[in-house]
Structures are given as structure tokens and as C-alpha cells.
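Atoms considered below: every heavy atom in the structure, side chains included; atoms not considered: hydrogens, waters and symmetry mates. Per chain, numbering begins at 1; letters A, B, ... match sequence-line order. Since we're looking at a predicted model, the values are computed, not measured.
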Protein chains: 2
Amino acid sequence: MLTERQRMILNAIVDDYISSAEPVGSRSISKRGDVGYSPATIRNEMADLEELGFLEQPHTSAGRIPSHKGYRYYVDHLLPWSSTNPAEIGAIRAFFADKLNQTEQVVQHAAMILSNMTNYTSILLGPEVFHTSLRHFQLLPLDGNHAVAIIVTSTGQVENRTVQIPPEISVSEMEKVVNLLNSKLVNVPLYKLKSRLYSELAEEMQRHISHYEELMKVLDTALESDHEQRIYLSGATNMLTQPEFKDVDKVKTILDLLEETPTLLKMLTPASEGTGIQVRIGTENKHEAFANCSLITATYSLDGKALGSIGILGPTRMEYARVIGILGVLSRDLTAMLAHWYK
Amino acid sequence: MLTERQRMILNAIVDDYISSAEPVGSRSISKRGDVGYSPATIRNEMADLEELGFLEQPHTSAGRIPSHKGYRYYVDHLLPWSSTNPAEIGAIRAFFADKLNQTEQVVQHAAMILSNMTNYTSILLGPEVFHTSLRHFQLLPLDGNHAVAIIVTSTGQVENRTVQIPPEISVSEMEKVVNLLNSKLVNVPLYKLKSRLYSELAEEMQRHISHYEELMKVLDTALESDHEQRIYLSGATNMLTQPEFKDVDKVKTILDLLEETPTLLKMLTPASEGTGIQVRIGTENKHEAFANCSLITATYSLDGKALGSIGILGPTRMEYARVIGILGVLSRDLTAMLAHWYK
DNA sequence: GTTAGCACTCTATCCAGATGAGTGCTAACC
DNA sequence: GGTTAGCACTCATCTGGATAGAGTGCTAAC
């Protein structure tokens with residue numbers, strides 16, 4: 001579709017614009033060593049590229065900047081698959097070396113590392129509860145009225161919530177029920193717990209246990225699967241350092257969106273099932289607040305199942321090559337580490 | 001120290017400036033109904049107030065703005081202790097009405113309510129682990145090598161971490177140790193757990209249990225009291241709406257500080273032990289990034305012991321009266337609710 | 001003690017002109 | 001035919017000066 005020279009020029013323009021954030025003129029492209037043409041020739045090609053929709057002009061007599069389509073072409077066909085800087089790989093490895101003993105901590109720290117390395121905003125989706133199953137259930141009385149319900153998952157995560165215990169339910173009854181639950185529901189995926197509770201246990205409980213209704217209500221709350229997906233943000237303020245966001249109002253809409261968990265969740269969920277690294281440029285993100293942003297996501301997994309995902313949010317003018325490299329290394333290492341932990 | 005008229009004028013200036021964010025001139029004060037003097041008279045008083053350090057002039061021929069000292073005087077002596085708007089009280093009460101069954105959720109939602117109501121940034125310190133004690137300890141095997149250590153506190157919070165179990169330690173041994181721990185360490189404050197482990201249990205364990213050293217190491221990790229204090233931020237981007245922060249760079253230093261947990265922790269810890277609401281104006285905050293901010297904090301408590309604190313961060317030009325009112329209502333209600341839960 | 005009047009200060013805003021980067025087009029060159 | 005030099009043109013940005021307006025401080029009168 002594009003001639004070799006056009007690809008070369010497009011590449012040069014995107015590269016230049018990524019590092020300078022200023023519209024790129026024909027002369028500055030010509031001066032680079034790698035393109036051996038005069039400004040006039042390049043101008044002609046630029047006019048063609050603009051007509052094809054790969055470039056844009058902020059106004060007559062400004063240089064060109066890549067359009068979304070231009071970025072897309074760059075990412076899909078021109079991206080220098082430069083191997084990630086060894087120093088950066090080292091930093092990531094070092095991070096995995098000092099082992100933290102909680103998945104949550106690891107994920108949180110990973111987000112911080114990422115945002116520090118890239119100077120963009122990193123978004124991390126904690127291990128997805130839906131793909132994990134019950135390992136152990138427990139009810140721990142606090143006082144006459146309350147108890148803590150503790151759910152331990154197959155990946156070692158612990159969820160807990162406080163429930164109210166009606167006074168008419170005795171401790172021994174509770175224990176019976178908890179034992180029943182543990183014998184019948186272990187290894188059931190979390191999101192199926194509640195339906196299984198009704199389909200498999202209801203009958204047996206009704207037979208052996210008084211105050212059936214009240215107990216079911218308690219269990220219902222205890223197993224409530226609003227297991228809020230945990231989102232870890234880091235470096236949100238890095239947005240402020242980008243020249244395209246020197247306008248406070250624009251930044252606000254973006255940062256506001258970042259505080260909105262459900263929206264973020266939707267954005268981070270991979271479109272097609274678990275295929276490596278995804279790049280969403282500008283309006284390819286659903287939200288108009290992100291019209292000037294690009295989101296690069298990767299997933300990490302356990303046993304081939306995507307557990308969570310990692311995202312980097314930056315301006316459309318983003319160091320795609322570098323970020324993709326870093327994200328790749330990190331998601332692979334994270335996957336490897338999880339496999340090693342819970343093998 | 002100040003004459004009645006000076007107090008009146010200072011009050012008018014601070015009020016005006018709080019709502020307009022523009023330097024206040026003598027004429028606009030005179031025009032207000034409540035001050036019956038001509039601009040000239042007010043100018044004279046303003047000059048005096050400036051000499052005394054309560055006012056500042058951005059430049060000759062601009063109006064006056066309150067200095068930190070001026071705000072301080074306003075907060076200490078002039079603050080209209082207006083009762084909080086009933087509608088706002090209603091909103092807070094409504095929030096407590098739909099009961100959430102996790103302390104964490106409550107705190108998180110409270111932060112959101114606060115920032116939405118005030119349009120400032122709210123900072124909430126989760127229930128302080130140091131004041132709580134152990135209710136139950138448990139080790140739950142995950143696989144041959146790992147177990148989840150679960151610590152339930154007297155307030156129903158659940159902490160957990162994954163620990164490695166050396167292969168030479170048998171399950172029955174683990175159980176013995178856990179039972180011992182539960183019989184000896186329940187009701188011990190969390191931060192004393194580790195020292196008690198050594199002072200009271202070491203001897204007995206050494207007598208009855210093999211692999212003492214390895215076990216101690218496991219327990220040491222399990223009881224590690226890095227129980228990270230949880231900080232909930234909400235409405236951080238509200239900062240961006242304030243005209244004094246239209247400069248991106250200033251906002252960045254503030255938002256960066258907000259991402260720095262340890263610093264925030266220090267800021268929120270009440271200076272004097274648990275006495276109601278504290279107001280820190282401008283440079284009274286230790287950090288220079290907060291030189292143009294005011295931080296208003298309140299604590300919530302259980303059994304008279306401060307459990308955590310709530311803070312509102314805004315520009316020095318802040319609606320002190322309103323925020324203090326809201327904060328008072330919220331902290332009282334939070335305290336009341338906790339008392340009711342864990343009575 | 002209070003206030004009207006006035007000169008003075010300083011900022012913000014507007015406008016015109018200069019600057020310069022970059023383009024598009026044409027014609028010449030290889 | 002592709003490439004390039006030359007040139008006229010466009011448009012955003014920068015500059016400096018003039019102007020308006022808000023607000024003060026001082027003095028003198030009430």
C-alpha cells in the first residue's frame with residue numbers, strides 16, 4: 001500500500017514527533033542522516049501521506065503530526081522491535097528477586113516499577129477472582145452478633161467480610177454448616193459458589209439443620225461475590241508532565257476517569273481472549289476522554305488462564321516500542337513467578 | 001489585640017476571598033451591607049491589618065488577600081460555627097444507613113462522600129492496626145510448600161500473608177503451634193505479637209516441638225507487622241478545579257505527594273492526642289508542596305482510642321466553616337457506628 | 001474619627017508589526 | 001520521470017507600546 005520511501009518518511013515523522021511533541025517539518029526530516037532526500041521531495045511525500053490519512057496538519061504552515069491511522073500503521077508495520085534495554089530488564093528482574101510474600105504486594109509494586117520506568121501511568125488489574133476456586137471457607141465469631149467470613153482461594157488470596165449472625169442460630173449449627181460447605185464446595189470456582197450453594201447444599205441443609213432460612217441468608221451475604229476487582233494505579237500524575245496535557249481541564253477528565261473503577265475495568269479487559277499485547281490508540285479506546293491517549297495492555301496468567309492485566313496509559317504520542325518491550329518482559333516474568341509460586 | 005472593626009473587616013475579606021479567589025478591594029468590602037464604612041476608612045484599617053501581618057498585597061494597587069496568619073486568626077477567632085446544612089447531614093446519615101458489611105468498604109465510601117460533598121480532596125486513614133489486638137490466628141496449607149497465615153483482629157479486620165513452609169515441618173506440628181499461639185496470644189495488641197512470641201512462647205515451643213528454628217522463622221514472617229496502613233484517597237483531581245492550581249507544575253508536586261503513602265501517614269497522624277478537629281494552614285503543614293494548602297483532620301475512634309483519621313485537603317482559601325462542620329458530623333457518626341458494631 | 005477627592009502605581013489587555021517556520025507550486029535539472 | 005532549487009504565501013507566535021481599570025495612599029475637608 002505504501003511505498004518503501006513513504007514508510008520510511010512516516011516512520012521518521014512518528015519517531016521525531018514522539019520525542020519532540022512538536023509538528024515535524026520537511027527540513028528536519030531531510031536533515032536526519034537516514035533519509036537522503038531534499039525537503040521538497042519529502043514535502044511531496046508528506047502531502048501524499050496526508051491525503052491518505054496518515055498525517056495531519058494543525059494548520060497551514062505548521063509541520064505534520066501523525067494521525068491515529070498513522071500511529072496505527074506505525075505500531076502494526078514499522079515498530080522497531082528493539083530488544084528492551086538490558087538495564088531495564090535488570091531492574092525488573094531485581095524487583096522479582098526480593099520476594100514479597102503477598103500477591104497483592106507484588107502487583108502493587110509492579111505497578112510502581114512500571115510507572116517509574118516509563119513515566120506514564122500504569123494500571124494493574126489484580127488477580128481475577130473469577131478464574132480461581134474455593135480452597136477453604138470459614139466463619140469466625142467475633143461477638144454474639146457478628147462473625148468474619150473468610151474465603152481462601154486456590155491462589156492463596158484471602159477475601160473476608162463481616163456478617164451478622166441471627167441470635168437464634170447456635171454455634172454448633174454454624175460449625176455443621178461450615179463443615180458441609182467445605183466438604184462440598186471446595187474447588188468450585190468462586191463465581192459459581194452461590195448457585196452451587198442452592199443447587200447442591202440446600203436440600204441437605206434443610207434436612208439436617210434448623211433455622212435453614214436464616215442460615216442461608218447469612219451464607220448468601222458471606223459468599224457475595226462482589227469480590228471487588230482490585231485496581232492498582234501508579235504514576236497518575238505523570239500525565240501532567242506531558243506537554244499535550246498542559247491544559248488542566250483535559251487532564252482532569254482523564255484523571256477523573258482513572259478514579260472510576262468500573263470504567264477502567266472495562267478498558268483493561270482484553271478484547272480478544274488473552275492474546276499477548278494489545279495497543280489501543282486514541283479513539284480506539286471507547287471513552288472520549290482518552291481520545292488523545294493510547295493504552296497498551298498485556299495479561300499475566302496462571303495455567304494458561306488470564307489472571308489479570310497490566311496497562312500503560314500515555315499520550316497517543318507514546319514511546320510504543322519501549323513500552324511494549326517493557327510490558328512484555330514484565331508480564332512474562334509475572335506469569336513465570338506465579339507459576340512458580342502455585343505450581 | 002484587634003479592634004472589633006478590624007475583626008469585622010478581616011472576616012469580610014477572608015469570606016470574600018474564599019468565595020472569589022480574587023484579591024479583595026476596599027470598595028467591594030464597603031459595598032457589602034454588613035460593614036457600614038466608606039472605602040477610605042476600610043483602606044486605613046486594611047493598611048493596619050497588613051502591617052500586623054494578617055493581610056498581604058500581591059502588588060501595589062491590587063486588593064488584599066489573607067496571609068496564613070490571617071487565616072489562622074479567622075479559623076481560631078472568627079469562624080462562623082454555622083451548623084452544617086441539614087441536607088448535607090442527611091446525605092451523610094443516608095450513607096450510614098445502607099450498611100456495608102466491611103470496615104474497609106465503609107471507610108472507602110466515606111472518603112468518596114466527603115470529596116464529593118466538599119469538592120476538595122479527602123484522605124482517609126483506615127482503622128489503625130496498632131490499637132487492635134489478636135482475636136484469632138490460623139495457618140491454612142495451600143500446597144506442600146506454602147500456607148496462608150490469617151490474622152483476625154479484635155475489630156474484625158483480616159490480615160493475611162503467604163508463607164513458605166519448610167518440608168521438614170509436619171502438619172501436626174504446625175497445628176500444635178497454631179493452637180499454642182491461639183491460647184497464649186489472643187488479646188495481645190498486634191504490634192506486641194512478635195516480642196511476645198519470643199518472650200512467652202519460645203521456651204515452651206522449644207520443649208515440645210522439633211524444628212523449632214524453622215518454625216520460628218515461619219511465624220516470624222507470618223506475624224510480620226508491616227500491616228500496611230491503608231490510605232484511601234478520593235477526589236484528588238478536585239485540586240485541579242481550584243483556580244490557584246491552574247498551573248500544572250504546582251499541582252503535580254501536590255498530587256505526587258498524595259501518592260506517597262509514608263508522607264501522608266505522617267501528615268494525618270494527629271499532633272496532639274485525639275483532640276477533635278485540627279486545622280493546619282499553609283506552611284503549618286510540614287511539606288513545602290502543601291505551602292498553599294490547608295489540611296483539616298478529624299479522628300474517629302473506638303472505646304476512646306483513636307482508630308484512624310479523616311482529612312480534607314484544599315487550598316488555603318478553603319471553606320473552613322463548612323468543611324469543619326461536615327468533618328465533625330462524619331467523624332462522630334463513624335465513631336458511633338463503630339461503637340455500635342463492635343460494642 | 002470619618003470621608004471625599006485626587007494623584008499615582010501596577011497589571012491586564014489589546015493591537016500592530018515583525019519574525020520565522022513551513023508549506024505548495026513552478027520550473028529547472030539530471 | 002523523478003528530484004530539487006527557488007519563491008511567494010500562510011499563519012502562529014513574539015514583541016513593544018498604548019490604554020483601561022482597579023485599587024491604593026495621602027491630604028484636606030467635614
For [X] and [N], give me the distance from atom [atom1] to atom [atom2], rounded to whole Å.
X	N	atom1	atom2	answer
B:R5	C:dT3	CZ	C1'	11 Å
B:E50	D:dT24	CD	P	10 Å
B:L49	D:dT24	CG	P	13 Å
B:Q57	C:dC8	CD	C1'	13 Å
B:I42	D:dA22	CD1	C1'	16 Å
A:H59	D:dA12	NE2	C1'	5 Å
B:E45	C:dT2	CD	C1'	11 Å
A:I29	C:dG22	CD1	P	11 Å

Is the shortest side-chain N to carboxylate O distance from B:E45 to B:R5 below 4.0 Å?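 A salt bridge links B:E45 with B:R5.
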Carboxylate-amine/guanidinium contact B:K250 B:E244, below 4.0 Å: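 Salt bridge absent between B:K250 and B:E244.
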With a 3.5 angstrom cut-off on both distances, give the Watson-Crick or G-U wobble partner of D:dA8, or none if there isn't one.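 Across any shown strand, D:dA8 pairs with C:dT23.
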Is there a Watson-Crick or G-U wobble partner for C:dA28 with both distances under 3.5 Å, and if so, which one is it?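 In the structure as shown, C:dA28 has D:dT3 as its Watson-Crick or wobble partner.
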Pairs flagged by salt bridge (Lys or Arg N to Asp or Glu O under 4.0 Å) wherever residues 7-18 of chain A is involved - sequence neighbours left out: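 Passing the test, one end in residues 7-18 of chain A: A:E4-A:R7, A:D16-A:R32.
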Is the base of D:dT10 touched by the side chain of A:S61 through a donor-acceptor pair closer than 3.5 angstrom?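 Donor-acceptor pair under 3.5 Å: yes.
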Look at the side chain of A:R43 and the base of C:dG24, then say whether one donor and one acceptor between them are separated by less than 3.5 Å.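 It does, because a donor-acceptor pair links the side chain of A:R43 to the base of C:dG24 below 3.5 Å.
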Within the 4.0 Å heavy-atom criterion, would you say A:T41 contacts the bases, only the backbone, or no part of the nucleic acid?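 It contacts base atoms.
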Think [X] has a side-chain N or O under 4.0 angstrom from the OP1 or OP2 of [N]?
X	N	answer
A:R64	C:dT23	yes
A:S38	D:dT4	yes
B:S26	D:dT24	yes

Acceptor/donor pairs from residues 285-296 of chain B side chains to any protein atom, 3.5 angstrom cut, sequence neighbours excluded:
residue	atom	partner	partner atom	Å
B:N285	ND2	B:G282	O	3.1
B:N285	ND2	B:C293	O	3.2
B:S294	OG	B:Y320	OH	2.8

Checking side-chain contact (heavy atoms from CB on, under 4.5 Å) against A:R317, which of A:P66, A:S19, A:P243 comes through?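 The residue from A:P66, A:S19, A:P243 that satisfies side-chain contact (heavy atoms from CB on, under 4.5 Å) with A:R317 turns out to be A:P243.
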Taking only the side-chain heavy atoms of B:A40 (C-beta and beyond), determine which of C:dG24, C:dT3, D:dT4 contains the nearest atom.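 So the nucleotide nearest the side chain must be C:dT3.
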